[in-house]
Colleague: 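Submitted below is the structure of interest, expressed as C-alpha cells.
In this text, all values refer to a predicted model and were calculated from it rather than measured experimentally. Quick note: numbers below take in every heavy atom, side chains included, and nothing from hydrogens, waters or symmetry partners. Every chain is numbered from 1 and lettered A, B, ... according to where its sequence line falls, protein lines coming before strand lines.
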Amino acid sequence: MIDLKELRDHPDRFRNGVRDKCMEVDIDRLLALDEARRAILARQETARAEQNRLGKETGPKMGALKTKLKGAIGEEKSQLERELAELEQKPAVLKAEVQECEARINAIEPEWRSLWMQVPQPPSDDVPKGKGADDNVEIRRWSPTGWDFNKSFEANRGFKPRTHLELVKMHGLVDFERGVKMSGTRHYVMWGLGMRLHQAVLRYAVDFMADRRGFSPMGVPVIVKEECMVGTGFFPAGREQAYHIEESARGSGHDLFLTGTGEVGLMGLHADEILPLESLPLKYCTVSTCFRREAGAAGKDTAGLYRIHQFDKVEQVVVCRADEAESRAWHAQMIETVEMILQSLGLAYRLLQCCTGDLGVKNEDMIDIESWMPGRGEIGADGAPTGAFGETHSASRLNDFQCRRLNLRYKDETGKMRFAYALNNTVIASPRVLIPLLEMHQQADGSVVVPEVLRPYMGGIARIG
RNA sequence: GGUGGGGUGGCAGAGUGGUUGAAUGUACCGGUCUUGAAAACCGGCAGGCCCGUCAGGGUCUCGAGGGUUCGAAUCCCUCCCCCACCGCCA
C-alpha cells in the first residue's frame, strides 16, 4: 500500500499512477474521507486528553467518596451522593463525545481503508506508457546458435515441429485425461520421464540460486492466512484468483488460501518485523507448488501445459534497503539470472519492458521474459504452427509497496525506521517451461535431447525417446 | 480429538480497577575508569497515528475483537494462538 502522507502531499503523483496503470480508484474520494477521518480523530483525541486529565485529578477523589459512601447513612449519605454526581457529570459528557466520534470514524473507515488498499504503486518514470500487453516494448532477444527468429522452425531445423502436446503424448510424459478425470479441467498428471524432467528443471534452478547466486533456499507454507495474501498485495484485487479453504465455515480456526506463488510465503516470513540493518539484503528462493483458479480465463489456452491450475515454481525475492539504485541493481541481477538459465537450457527468448498498463497494483516496474514456443501460435500455410512467444518469467520491482503492507521494516544507519524495498522474480516455472524445452529440443524423429545441464538431475539420461 | 496451563517491551519476568507505556533483571548503544579488555558505575533504549517549521505536545497499543466502569494490562463475553500430557497419524 502507499504512504497516505505522500498521497496528501502529492496527490497528482497517485492520480497519474492510477491513470497510467489504467485502473480506477477514486483518489479524491479517498482524500476527502481521509480528511474527514482526521478531523474527527483530532476532536476525539482532544476529548480523550481531557478525560485522562480529569481521571487523574478527580478519579482518586471519586474512589474515596465511593468508599465513604458505603458506610454512610442519612444526611451524610445524600450529601456524598450529590458530590459524587457532580464529579461524574463532566466525564459523562466527554464520554458521550468520544463515543460519538468513534461511531463516525467507524462509519468512514471501511470505505477509507478499502480505497487506500486499492491505490496502486505509481509506475517508475522510465516505464513506457501504454494500455496493455500490446504496448510492451521489446528490449532484446537471444537465441542459441543455429536458431534464427526470422526463419520458420522447418527452415531452421529441417523438419516440421511437433507441438508439446504431441511430444508428451508420444513419450508418455503427461497424462491429461486422467488429470481431468481426477480434478477437472486444466489438471494433468506428470508421468515417468516427464516427472523427472519437471523435477530436474526445478532442482537445477534451486541449485543455481543457492550455489551460484548465494540465495537461501526455503520451504515455506503454500496454505496461508488472509493477512499474508493482503500483505503481499495479492488481495483484495486477486481474491478470485486464489483457492479458498473455508475452515471458518466448519466452525474451527480461520480461513486459509492456497498461494499462487512462492512469493507469498517468502515475503510473509518477515511480516511485522523490524530487521537488523546488517541482515539486508535478504536473498531468498523457494520451490513451491502454485495454485491458480484462472478465473476469467475461461476458454483461453485450454489445451496443454500452458495454463493450468497447479504447477511448481522456483521463485526468488530480494528485500533490500529503501534505495532506488540498489533495487534497480538487484532487478538487473534477477534478469541476468533468468537469462543465464534460459541460455544454459538452449531456449530462445525475448525481454519485454512492460508498459504502465500491464503492471499490477504492487509493482513500479516489470520485465517479462517470453520464451519461444515453436508449437504455439497460428497454423501456417505448411500446416505447422508458426510458433509464438509465451511468457515464462517476470521480474518486478515493488518499491516499498509490499513491505508497507507487510509492515516489514528496518532501522537505517541514522536510526530512522524505514520500510524495505522488495523485488521478486520467477527463476523457473514448470511444467510451463517444458513447453519450449520439449519443442525446441525435439528431433526429426520426435525424440527430445535433454539439455546438458539437466542430465545430472535425470540420472544421466541424454535423450527422451 | 480429550484434559490442563498460558499469551505483558529484543528476551526474561512483576503487576487482579486509579500518575502503569508498564517495576526489576538481561541484552543492546553511549560515557567514566583501564595500556587494552572484563568488572564496576552513570546515562540512553518500543512502535503507530494526529497536531507543530522546530522545540515539543496529544492519543492509541499488555494475543484479537467487543462489553462493564468516571477510569481496565487488571473484571465479563467471543475468537485466535502457544505450551504440556494422552489418543490418532504422513
Side-chain angles (χ1 to χ4, degrees), chain A residues 1-9 30-70 80-110 112-113 116-117 219 221-228 230-231 245-257 268 270-279 289 400 403-420:
Chain A
M1 73 198 157
I2 55 112
D3 184 356
L4 279 180
K5 280 185 210 129
E6 183 71 11
L7 176 76
R8 293 198 282 263
D9 294 343
L30 175 57
L31 284 168
L33 288 172
D34 183 58
E35 200 178 321
R37 182 176 165 277
R38 276 183 300 131
I40 301 164
L41 216 55
R43 236 184 79 201
Q44 187 189 37
E45 286 184 4
T46 312
R48 260 208 251 262
E50 181 66 8
Q51 208 174 30
N52 287 341
R53 199 182 57 77
L54 267 175
K56 277 177 196 164
E57 258 177 36
T58 60
K61 210 191 281 178
M62 287 163 72
L65 278 175
K66 276 188 178 167
T67 314
K68 250 198 227 167
L69 194 58
K70 276 183 196 155
L80 286 171
E81 274 171 349
R82 252 179 282 129
E83 270 181 57
L84 204 55
E86 202 174 308
L87 281 175
E88 279 175 358
Q89 204 179 357
K90 248 198 192 166
V93 173
L94 289 169
K95 192 185 178 184
E97 166 126 5
V98 168
Q99 281 177 336
E100 191 217 318
C101 289
E102 196 167 324
R104 291 179 58 186
I105 289 169
N106 286 343
I108 290 176
E109 265 188 351
W112 169 77
R113 187 174 301 280
W116 183 16
M117 295 308 257
V222 294
I223 339 175
V224 300
K225 295 183 192 171
E226 186 162 7
E227 293 99 282
C228 283
V230 174
I245 304 170
E246 279 191 285
E247 280 300 291
S248 63
R250 296 177 151 184
S252 71
H254 41 76
D255 282 7
L256 293 162
F257 296 84
H270 294 292
D272 295 317
E273 291 184 22
I274 298 164
L275 298 169
L277 185 60
E278 323 80 79
S279 72
T289 302
D400 65 3
C403 292
R404 235 172 231 291
R405 283 206 186 202
L406 287 165
N407 194 26
L408 193 170
R409 297 169 296 173
Y410 69 94
K411 263 188 189 153
D412 70 12
E413 35 287 273
T414 68
K416 190 172 154 38
M417 206 63 83
R418 316 205 62 153
F419 290 103

Colleague: Using a heavy-atom cut-off of under 4.0 Å over every strand shown, decide if Asn52(A) touches base, sugar-phosphate, or nothing.
Modeller: sugar-phosphate
Colleague: For RNA chain B, whose closest nucleotide is more 5', that of Thr46(A) or that of Met417(A)?
Modeller: Met417(A)
Colleague: What does the B/S/- profile of nucleotides 49-56 of chain B look like, 5' to 3', with a 4.0 Å heavy-atom cutoff to protein?
Modeller: SSS-----
Colleague: Looking at rG71(B), rG47(B), rU59(B), which one has an atom nearest to any side-chain atom of Arg409(A)?
Modeller: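 Shortest atom-to-atom distance from the side chain points to rG47(B).
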Colleague: Can you tell me the base-pairing partner of rA40(B)? Count Watson-Crick or G-U wobble geometry only, both distances below 3.5 Å, and say none if there is no partner.
Modeller: rU32(B)
Colleague: Heavy-atom count check: over 12 atoms from other residues, nucleotides or ligands less than 6.0 Å from Glu35(A) CD?
Modeller: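 No - once you tally the heavy atoms of other residues, nucleotides and ligands closer than 6.0 Å, there are 12 at most.
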Colleague: Searching all strands shown, indicate the nucleotide that pairs with rA23(B) (Watson-Crick or G-U wobble; both distances under 3.5 Å).
Modeller: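 Pairing partner: none.
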Colleague: So which protein N/O to nucleotides 61-66 of chain B N/O distances come out below 3.5 Å?
Modeller:
none

Colleague: Quick one: side-chain contact (heavy atoms from CB on, under 4.5 Å) partners of Arg104(A), sequence neighbours excluded?
Modeller: Ile40(A), Arg43(A), Glu100(A)
Colleague: Does a salt bridge link Lys416(A) with Asp412(A), judged by any charged N lying under 4.0 Å from a carboxylate O?
Modeller: no
Colleague: Please tell me if the side chains of Leu30(A) and Trp112(A) come closer than 4.5 Å, counting only heavy atoms from C-beta onward.
Modeller: yes
Colleague: Whole-Å distance between rG10(B) C1' and Glu278(A) CD?
Modeller: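 In whole Å, rG10(B) C1' and Glu278(A) CD are 13 Å from each other.
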Colleague: Where the side chain of Arg405(A) meets the backbone of Val230(A), is there a donor-acceptor pair that is under 3.5 Å apart?
Modeller: yes
Colleague: Rounded at 0.5 Å granularity, tell me how far CG in Leu4(A) sits from CZ in Arg8(A).
Modeller: 6.0 Å
Colleague: Please report, rounded to the nearest Å, how far the C1' atom of rG48(B) is from the CZ atom of Arg418(A).
Modeller: 17 Å
Colleague: Within the structure shown, what part of the strands sits under 4.0 Å from Lys411(A) by heavy-atom distance: base, sugar-phosphate, or nothing?
Modeller: sugar-phosphate
Colleague: Can you find a side chain N or O atom of Arg48(A) that sits less than 4.0 Å from OP1 or OP2 on rG58(B)?
Modeller: no
Colleague: Considering heavy-atom distances to RNA chain B, does Ile274(A) or Glu50(A) have its closest nucleotide positioned more toward the 5' end?
Modeller: Ile274(A)
Colleague: A side-chain contact here means heavy atoms from C-beta on lying under 4.5 Å apart; do Glu413(A) and Leu277(A) qualify?
Modeller: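 Yes, close enough: below the 4.5 Å cut-off.
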Colleague: Please name the nucleotide paired to rA72(B) by Watson-Crick or G-U wobble geometry with both distances under 3.5 Å, or report none.
Modeller: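 Per the H-bond distance test, none.
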Colleague: Hey, are the side chains of Leu275(A) and Arg409(A) touching, using non-hydrogen atoms and a 4.5 Å cut-off?
Modeller: no
